[in-house]
Number of protein chains: 2
Amino acid sequence: MPNQHKIPQATAKRLPLYYRFLNNLHLQGKSRVSSKELSDAIKVDSATIRRDFSYFGALGKKGYGYNVEYLLGFFRKTLDQDENTPVALIGVGNLGTAFLNYNFTKNNNTRIEMAFDADMGKVGHMIGNVPVYHIDELEERMTDIKAAILTVPVSEAQQITDRLVETGVNGILNFTPARITVPEDVRVHHIDLAVELQSLVYFMKHYPLDQE
Amino acid sequence: MPNQHKIPQATAKRLPLYYRFLNNLHLQGKSRVSSKELSDAIKVDSATIRRDFSYFGALGKKGYGYNVEYLLGFFRKTLDQDENTPVALIGVGNLGTAFLNYNFTKNNNTRIEMAFDADMGKVGHMIGNVPVYHIDELEERMTDIKAAILTVPVSEAQQITDRLVETGVNGILNFTPARITVPEDVRVHHIDLAVELQSLVYFMKHYPLDQE
DNA sequence: GATAAGTTGTGAATATATTCACGACAATTG
DNA sequence: CAATTGTCGTGAATATATTCACAACTTATC
Ligand SMILES: NC(=O)c1ccc[n+]([C@@H]2O[C@H](COP(=O)([O-])OP(=O)(O)OC[C@H]3O[C@@H](n4cnc5c(N)ncnc54)[C@H](O)[C@@H]3O)[C@@H](O)[C@H]2O)c1
Ligand SMILES: NC(=O)c1ccc[n+]([C@@H]2O[C@H](COP(=O)([O-])OP(=O)(O)OC[C@H]3O[C@@H](n4cnc5c(N)ncnc54)[C@H](O)[C@@H]3O)[C@@H](O)[C@H]2O)c1
């Protein structure tokens, strides 16, 4: 079932965005939408949107646009919105706590099921309805979880990563500045907030004017 | 001085990463580094690293590698590490508080100077050494700040953006799911955490095995 | 039912980014 | 000082992504 390996990465990264926006349209009772309208709302060129959709076949109708409900149903299946993906969070500090309180509950198929920390002051509490366990219990509790959010101090990142991989995790959303090393069947997405901020500032200074 | 518009965007986004890693090497007392070593550490192909550096001229020596101190000095200038860029943060909630406590203090040229919120319970306090003002004071206090981090509820995003633009801000790091509309001389970087998590899950399921 | 307006899907063109592969030179070693 | 090893810088090849531009079709209008 998986591996329609012909969807370009750039397209795949936009899919959740499309899904969320279509969901909003649906809630607003809209039944029809054009690539032009989508483009204005999510700031992606309309030709890019049509191209993205076309990888999945002909989802629209010429001269009409796209049927919101149909498209939404299609993306729901494509993005596996029906099967839930449990996620664990490691490191209940500033960032970790923010994520637990938020917990991606709006229209998502992902939910943080449990969190781990080394600090006894945090262990045993519920934060945002998620239980916080001691990091020593990682191996015994992570038996069914394949995805993790990493928000520990950078010094701990590689060591915790190794333990996560050992438990069978194969996707990590890494917020630490460490470029962690993993086996090649584990997927890591880095979100490096300090780099994002610095890069914004660099672009502001060196690429004036034109939106790109 | 600015607008050496020949540095590719993909390269520009990696510069802060290079800078941070070179800084670490320097602190460790290393004086020499090769593109291969850099590659192993930050997981960017060594040819890409050499290509990136080459846009700035010949910074290395054949058969030798790069001199850490020289390269670091070069990037310090390129990334304007000496002039400080003040930043404001709008919305002192879960995420906003995490950022204030962290405040990008490690080796950076960026610092959050002030924060704003609409909630009187938050106004008047210092969080992570940053004063929190009422959002009504935005216009009078933002006279010298050109960059903002946006962590308000999605419903407020566009309205606050308009006010920020009005005060002269030309760079926004937007954490809300809203794709905000700005004049074309304002740069917006979206960091959409829900999309990042969903896209990680999508990749895990549909692009098994190979690291790419 | 003819005309006008709107929209898709996609071939082709273009733009951007990565990677290969190698000549040229530096440093080290015996 | 010759041989070996390591490394850069970059032309060329390849890969990936975006954008243009238009035939084909739908819908709405009169
Ligand atoms: N907070 C931010 O705004 C921000 C911005 C950029 C990057 N980061 C990065 O995100 C990561 C987390 O940042 P933070 O501000 O939340 O840090 P933090 O210090 O507030 O939180 C780290 C948490 O990890 C826990 N911890 C430490 N060692 C552990 C271990 N071995 N096992 C399990 N838990 C452990 C600590 O008890 C703490 O609760 C850091 O790597 C930081 O560099 C944070
Ligand atoms: N926390 C997360 O993990 C997370 C994840 C993904 C996206 N986001 C997005 O980031 C944004 C912030 O999330 P959060 O969890 O920190 O929300 P939050 O509700 O905890 O914080 C929002 C803050 O904005 C303040 N605020 C409301 N209206 C304002 C106004 N008009 N002017 C100034 N301040 C105002 C509120 O008082 C509050 O302190 C949201 O848009 C959310 O969708 C958050």
If you look only at pairs with a residue in residues 76-98 of chain B, which of them pass as a salt bridge (charged side-chain N to carboxylate O under 4.0 Å, His left out), with sequence neighbours excluded?
-> A/K205-B/E83
Any residue of residues 65-77 of chain A with a heavy atom less than 4.0 Å from an atom of DNA chain C = A/G65, A/Y66
Along nucleotides 25-30 of chain C, 5' to 3', which nucleotides get a B, which get an S, and which get a -, given that the test is a protein heavy-atom distance under 4.0 Å?
-> BSS---
Report the residues that fulfil side-chain contact (heavy atoms from CB on, under 4.5 Å) with B/K62, sequence neighbours left out, ordered by chain and then residue number.
-> none
Can you name the side-chain contact (heavy atoms from CB on, under 4.5 Å) partners of B/A47, sequence neighbours left out?
-> B/D45, B/R50
Which residues pass the salt bridge (Lys or Arg N to Asp or Glu O under 4.0 Å) test with B/E139, sequence neighbours left out?
-> B/R163
Hits for salt bridge (Lys or Arg N to Asp or Glu O under 4.0 Å) against B/E196, two or more places apart or cross-chain, chain-then-number order -> none
For the pair B/Y102 and B/F104, name the ring-plane relationship: parallel under 30°, tilted 30 to 60°, perpendicular over 60°.
-> perpendicular
Rounded to whole Å, NZ of A/K36 lies from P of C/dG9 at a distance of 17 Å
A/E37 side chain near A/L25 side chain, heavy-atom distance below 4.5 Å = no
Is the number of heavy atoms from other residues, nucleotides or ligands under 6.0 Å of B/E166 CD greater than 12?
-> no
Nucleotide by nucleotide, nucleotides 13-21 of chain C touches protein heavy atoms under 4.0 Å in the pattern (B base, S sugar-phosphate only, - none) ----SSB-B
Rounded to whole angstroms, how far apart are CZ on A/F53 and C1' on C/dT8?
-> 12 Å
Those residues that, when tested against A/N174, pass side-chain contact (heavy atoms from CB on, under 4.5 Å) (two or more places apart) | A/L150, A/I172, A/T176, A/I180, A/V188, A/H190
side-chain contact (heavy atoms from CB on, under 4.5 Å) partners of B/F74, counting only residues at least two apart = B/F56, B/L59, B/T78
Check whether any side-chain N or O of A/S35 sits under 4.0 Å from OP1 or OP2 of C/dT7, and answer yes or no.
-> no
For the helix from C/dG1-D/dC30 to C/dG30-D/dC1, what angle lies between the axis at the first five pairs and the axis at the last five pairs, to 10 degrees?
-> 10°
Option among A/T97, A/L95, A/N94, A/L173 that satisfies the side chain to side chain contact (heavy atoms under 4.5 Å, CB included) test with A/T151 = A/L95
Give a yes-or-no answer on whether the side chains of A/N109 and A/T85 include a donor-acceptor pair shorter than 3.5 Å.
-> no
Non-neighbouring partners of A/K43 that pass salt bridge (Lys or Arg N to Asp or Glu O under 4.0 Å), sequence neighbours left out | none
